[in-house]
Amino acid sequence: MWSLAWTGPTLNGVNAVIPSGTSSLVISGTPSVNVTATTQYPYQVTTDGSACAPEVVYTGVIEVKPEEMLVLASAPSTVNQIICAGTGTNTLEPIIYNLEQEAVSAVVSFTPALPGIGYTLTATQVTINGAAQAAAQASTTILNYLYEVVTTGCGPARETGMITILPTPVMSLYAGNENQPSVCNNSPIDPVNYIFNPQSGATYSITWDQTPPGISATLASGAGGTNNIVRVLGTPSVQVSSTTTYNYQITLSGTCDPDVVVNGSITVDPGPIIDADYIQDFLVFDVACNGDNTGSIVLGDPTDPDFLNAITSVTPGREQISMVTFTPSLTVTYTDIFRVYINGTEYNTRGGQTVLGVNSVYSNADIINELVSRINNDPAQQDVQASLSGFGLRLEGTVEGVPFTVSANTSDTAAITNTATTTQICGRLCPSVALDLSR
């Protein structure tokens, strides 16, 4: 017979048995002890009841290591952090775990991978640190990264946390003209829209070099977002004696650096100044009797001295003028396609034609005149009058103060490039002023 005896502390969970039909002694089991350091458990196996003396004695040692531990050494607030990409404010505060109970190594993983953030390992600590790169950040989404710290020995010990990356503020012109043409006093400006990312937690502020009464900034929604538009709008209500420009600056500030700054301006023209005395004395004709409503006021040609003496500070209206120019880098072929878009409507023509199997190429003037004809003869197109200008189009608006959009496309050919430019921005005529000549 055999017997097992512990000659030091008892190792609970480990026992010795003799399998049926054998003369062997098997020591097995799962240690169930609470140790904080590697502990040795010496044992002795002795034969019992042998006819021989002395009995046979075997000795041995079972060594039990503790389960490794990770103990947070940094502040509890570091486990889950909301930070920004880059090296500005609100960067990652190091996350530190002590390796305890004989833990000597650990591995940190990130899901998904977190560019710029890694870890360092010493004999006693593992530290998660670094600066999140821009690649870890999206402009309109708050991104979450799960990290896991796992020791490589007994246990193993395991700790997890979350690093959240906020986007930096982003803002750009979305619609309108940030330095728009001048308007008359008491005439509304065309709204100017700037789109930004509310996910950055940003707020906006607007400052003026001098504030025009009637103009303000407000939040609006667009492009599928909510309160993601800063809109400058309104009707200036200010008396000016000469054309005056009001400059503004919008600053978008978020949790993350840097702030975004955009600039623009609103220009106000003075209203017309009417000299009623001059009109009464020099331009009222054929009044038969006092109080009679017969007669006339004659101003005539706006360049005439009588007109200029009677009404001053009038801002004339003007139509938009745009140019589309085609530049051949190779010889034009009959397959080349020229496309022009006015207010979204496409007008096109080719560089030539095929008749009875014979290819012919149009002259530059023929190509442009065909586009002119299609634009001017389109009954749905009332805003623009087209004419030939070199190897290109001159497009003039037909209504003062009414803009139009224009672009061109020659992507079907490598022989032609194009440019579309606006040489004169449209403007409104200042509002008329009522006269009281009942004197």
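Predicted model only: the values in this text are computed from it and were never measured.
Glu68 places none of its side-chain heavy atoms less than 4.5 Å from the side chain of Glu100. Side-chain contact between Thr244 and Gln210 is present, with at least one heavy-atom pair separated by less than 4.5 Å. Two residues are said to be in side-chain contact when any heavy atoms from C-beta on lie closer than 4.5 Å; Asn15 and Leu4 fail this criterion. Counting heavy atoms from C-beta on, the side chains of Pro236 and Ile189 come closer than 4.5 Å. Between Val64 and Tyr41, some side-chain heavy-atom pair lies under the 4.5 Å cut-off. Side-chain atoms of Leu395 and Ile342, non-hydrogen and from C-beta on, do get closer than 4.5 Å to each other. Annotation: side chain of Thr211 is not in contact with side chain of Tyr248 (no heavy-atom distance under 4.5 Å).
Using a 4.0 Å cut-off between charged nitrogen and carboxylate oxygen, Arg394 and Glu396 count as a salt-bridge pair. A salt bridge links Arg158 to Glu148: one of the charged nitrogens lies within less than 4.0 Å of a carboxylate oxygen.
Asp259 and Thr251 form no side-chain donor-acceptor contact under 3.5 Å, judged by distance and modelled atom types alone. For the 3.5 Å distance criterion, the side chains of Ser139 and Asn197 fail to qualify, holding no donor opposite an acceptor. Counted by atom type alone, Gln320 and Ser322 present one or more donor-acceptor pairs between their side chains at under 3.5 Å.
Side-chain N or O atoms of Asp209 include one that pairs as donor or acceptor with a backbone N or O of Asn247 at under 3.5 Å.
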Between Asn343 and Thr345, does a side-chain hydrogen bond (donor to acceptor under 3.5 Å, both in side chains) hold up when you go through it step by step?
-> CA-CA 6 Å; Asn343 288 335; Thr345 300; over 6 Å; no
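In this structure, the ring of Phe338 has its center less than 6.0 angstrom from the ring center of Phe326.
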